Amino acid sequence: AFKRKKQQRGPPSPPGFPIIGNLHQLGELPHQSLWRLSKTYGPVMFLKLGRVPTVIVSSADTAKQALKTHDIHCCSRPSLVGPRELSYNYLDIAFAPFDDYWKELKKMCVQELFSAKRVHSIQPIKDEEVKKLIDSVAASASQQTPVNLSEKFLSLTVGVICKAAFGVSFDATVLNNDRFDKLIRESFLFLGSFSASDFFPNGGQIIDRLTGLQGRRERSVKDLDTFYEQMFDLHEQGNKEGVEDFVDLLLRLEKEETVLGYGKLTRNHIKAILMNVLIGAIGTSAITMTWTMTELMRNPRAMKKVQSEIRNQIGNKSVITLDDTEKLHYLKMVIKETWRLHPPAPLLVPREVMSEFEINGYKIQPKTRLYVNVWAIGRDPDTWKDPDVFLPERFIDNNIDAKGQSFELLPFGGGRRLCPAIYMGTTMVEFGLANMLYHFDWKLPEGMGVEDIDMEESPGLNVSKKNELLLIPVKYLN
Ligand code: HEM
């Protein structure tokens, strides 16, 4: 009787089937299916995903209870198969469980890799990469041919991260453009963790082998490993110019026999950290820029307003600096509004409960998997007036920021697991967009109207625009 009473105090739950539980209700885009379910079952609900007890929170208030009030009870990560292989057995920041190693690693990375100082030191790299982008778009403008903006934004972030992290230009690496793009996409899918072994610890691997997922995953892990090794060779041969990059720094720490938590930093630790940089930085920023341009094309009024702000601010200097972007208040609101509707990680990264706590009076048990549905929070009519309308001005007279302090808007997550590179990510996005919006006006391809722009999403840990965004640039003559 005691046991039943306890269970009754768990969160509401949609009925499921034996064995699979509620797994069949996830669909292709779990954040959307879970959002719909939350309308019936409420902002804290319980699902059994295969064998795994799972809680989903879907409102600003319940997210605050999880990520702030009870963060210490639920800031670990579940052991997932895809991430395990890509992170050399959880030696990274994003998927490592909550322990001393993780605490010290995250602190070190915040201070050394993702610091404001480093963001400033990589500005020349961004200038150079953005100049390449402007030149290539200008070539399309002179011929009036469409530009694939999804691809351009991806090349921009790949170019910047490759130089900043590895000290080489992307073309010089073993991975040519096509394969790299695919590799990153595949890795996102694996990190998305909706794979059979994660829901059926006994037997799921057989399913993953049959579906071919296991084989694809092994190939990705191997390709990435080759890439890291190539980078180590390059740095050890010493024939590399420029400022200290991420690999230089990490190899130096290895040489100095730096101890993090339980042991010394090794090559596998370095590879796992580099994986986080690749996966954490490239997709998220490119996805944000693509969605922003998509929303602006659907909202010509906002497009006009943001372009005037940038052009008035920059004048005819034509080179945009980090200081300039600081003053682009409307652009910042446009980006926040894009994150509200299109958070690049709509369910954040799953957490695992370590000790019992309560949300809205419902008991949450240890070992439960916890998802925060940031996508649902962004569309919650109790928080946002007219949630479907793209209206950057809604941020004028409130102080909702995107840095993990306002639980209405959590593109970078929150609590102890907050993204450590908010400044690096935000400045990347602002800089890329400011340049594309300053130097060009944008038209839809011939025969296409605003109502034809599709907003379909693609599945994975990071949700991008499914179909590529093609637009025709017109050079702005200042
Ligand atoms: C627009 C850009 C970015 C967005 C929207 C973004 C978003 C996120 C989100 C949602 C999380 C999970 C937070 C949680 O579980 O509560 C995260 C974690 C993380 N991000 Fe970012 N990110 C961005 C840029 C970057 C960049 C540039 C890097 C590295 C160079 C990075 C590295 C990481 C790492 C290492 C974690 C794991 C933190 C942990 O588990 O403790 N991110 N990010």
Side-chain angles (χ1 to χ4, degrees), residues 31 57 63 66-68 71 74-78 80 83 86-87 90-99 101-110 112-115 118-119 122 126 153 156-158 160-166 188 191 193 245-246 249 272-292 335-336 338-340 342-352 369-375 377-378 402-404 407 409-433 461-464:
H31 58 283
V57 297
L67 302 184
K68 189 170 180 179
D71 189 35
C74 61
C75 63
S76 199
R77 298 287 194 206
L80 302 168
L86 286 160
S87 67
Y90 313 115
L91 297 181
D92 69 333
I93 314 167
F95 297 101
F98 179 71
D99 61 11
Y101 166 69
W102 172 82
K103 278 189 237 173
E104 288 173 27
L105 174 63
K106 188 160 187 182
K107 194 166 150 208
M108 187 276 282
C109 287
V110 166
E112 301 277 350
L113 286 186
F114 310 131
S115 63
R118 198 161 288 267
V119 171
I122 66 171
K126 284 200 225 157
F153 285 136
L156 174 66
T157 50
V158 167
V160 172
I161 291 300
C162 245
K163 281 232 182 83
F166 307 108
F188 279 137
L191 293 176
S193 83
D245 57 48
F246 290 15
L249 170 79
I273 298 166
L274 293 174
M275 178 275 274
N276 278 185
V277 170
L278 278 175
I279 309 291
I282 292 173
T284 46
S285 308
I287 288 170
T288 304
M289 291 189 269
T290 304
W291 280 123
T292 306
I335 295 170
K336 278 202 248 184
T338 303
W339 277 332
R340 178 179 73 78
H342 313 283
L347 294 170
L348 302 180
V349 179
R351 289 174 158 235
E352 188 172 274
R369 200 172 292 172
L370 180 93
Y371 286 98
V372 179
N373 194 343
V374 171
W375 195 92
I377 296 173
K403 299 176 194 164
F407 294 84
L409 187 69
L410 295 166
F412 295 98
R416 287 174 177 73
R417 287 291 178 168
L418 180 69
C419 176
I422 295 182
Y423 187 55
M424 193 169 275
T426 307
T427 47
M428 181 73 224
V429 167
E430 289 171 356
F431 186 68
L433 285 169
L461 177 71
N462 282 170
V463 167
S464 55

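Worth knowing before you read on, the calculation uses all heavy atoms, side chains too, and leaves out hydrogens, waters and symmetry mates. Read the numbers this way: they start at 1 and go in the same order the structure lists the ligands and their atoms. Computed from a predicted model, the values in this text were never measured in an experiment.
Contact check for Ile93 versus Trp102: side-chain heavy atoms found under the 4.5 Å cut-off. Using a 4.5 Å heavy-atom threshold, the side chains of Arg351 and Arg369 count as separate. Side-chain contact between Leu67 and Leu410 is present, with heavy atoms from C-beta onward closer than 4.5 Å. The closest side-chain heavy-atom distance from Phe166 to Val277 is not below 4.5 Å. You'll find the side chain of Val374 stays beyond 4.5 Å of the side chain of Trp339, heavy atoms only. In this structure, the side chains of Phe153 and Thr288 stay at 4.5 Å or more apart for every pair of heavy atoms.
Distance from atom 29 (C) of ligand 1 to its nearest protein heavy atom, with residue and atom name: Phe114 CE2, 3.4 Å. Shortest contact from atom 25 (C) of ligand 1 to any protein heavy atom: Gly280 O, 3.3 Å. Scanning all protein heavy atoms for the shortest distance to atom 23 (C) of ligand 1 gives Thr284 OG1, 3.5 Å. The protein heavy atom nearest to atom 41 (O) of ligand 1 is Lys106 NZ, 2.9 Å. Scanning the protein for heavy atoms near atom 7 (C) of ligand 1, the closest one is Pro411 O, 3.4 Å. When hydrogens are left out, the protein atom nearest atom 4 (C) of ligand 1 is Phe412 CE2, 3.3 Å; that is the closest non-hydrogen contact. Protein heavy atom closest to atom 14 (C) of ligand 1, with residue, atom name and distance, is Arg417 O, 3.4 Å. Looking only at heavy atoms of the protein, atom 20 (N) of ligand 1 is closest to Cys419 SG, 3.3 Å.
Taking any N or O of Trp339, backbone or side chain, none lies under 3.5 Å from an N or O belonging to ligand 1.
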Is there a side chain to side chain contact (heavy atoms under 4.5 Å, CB included) between Lys103 and Arg416 once you walk through the steps? CA-CA 9 Å; Lys103 278 189 237 173; Arg416 287 174 177 73; over 6 Å; no
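Other residues, nucleotides and ligands contribute more than 12 heavy atoms inside 6.0 Å of the NZ atom of Lys336.
Residue contact check: Pro344 has heavy atoms under 4.0 Å from atoms 5 (C) of ligand 1. Ligand 1 places these atoms under 4.0 Å from at least one heavy atom of Arg77: 14 (C), 15 (O), 39 (C), 40 (O). Taking a cut-off of under 4.0 Å to the non-hydrogen atoms of Asn276, the atoms of ligand 1 that pass are 35 (C). The contact set between ligand 1 and Val349, taken as ligand atoms under 4.0 Å from a residue heavy atom, comprises 12 (C), 15 (O).
Residue contacts with ligand 1: Trp102 is included, with a non-hydrogen atom under 4.0 Å away.
Between His31 and Trp375, the ring-plane angle classifies as perpendicular under the 30° and 60° cut-offs.
Judged by distance alone, the side chain of Arg417 and the main-chain N or O of Cys75 form a donor-acceptor pair under 3.5 Å.
For the residues Pro420, Ala421, Ala286, Ala402, the heavy atom positioned nearest atom 34 (C) of ligand 1 is part of Pro420.
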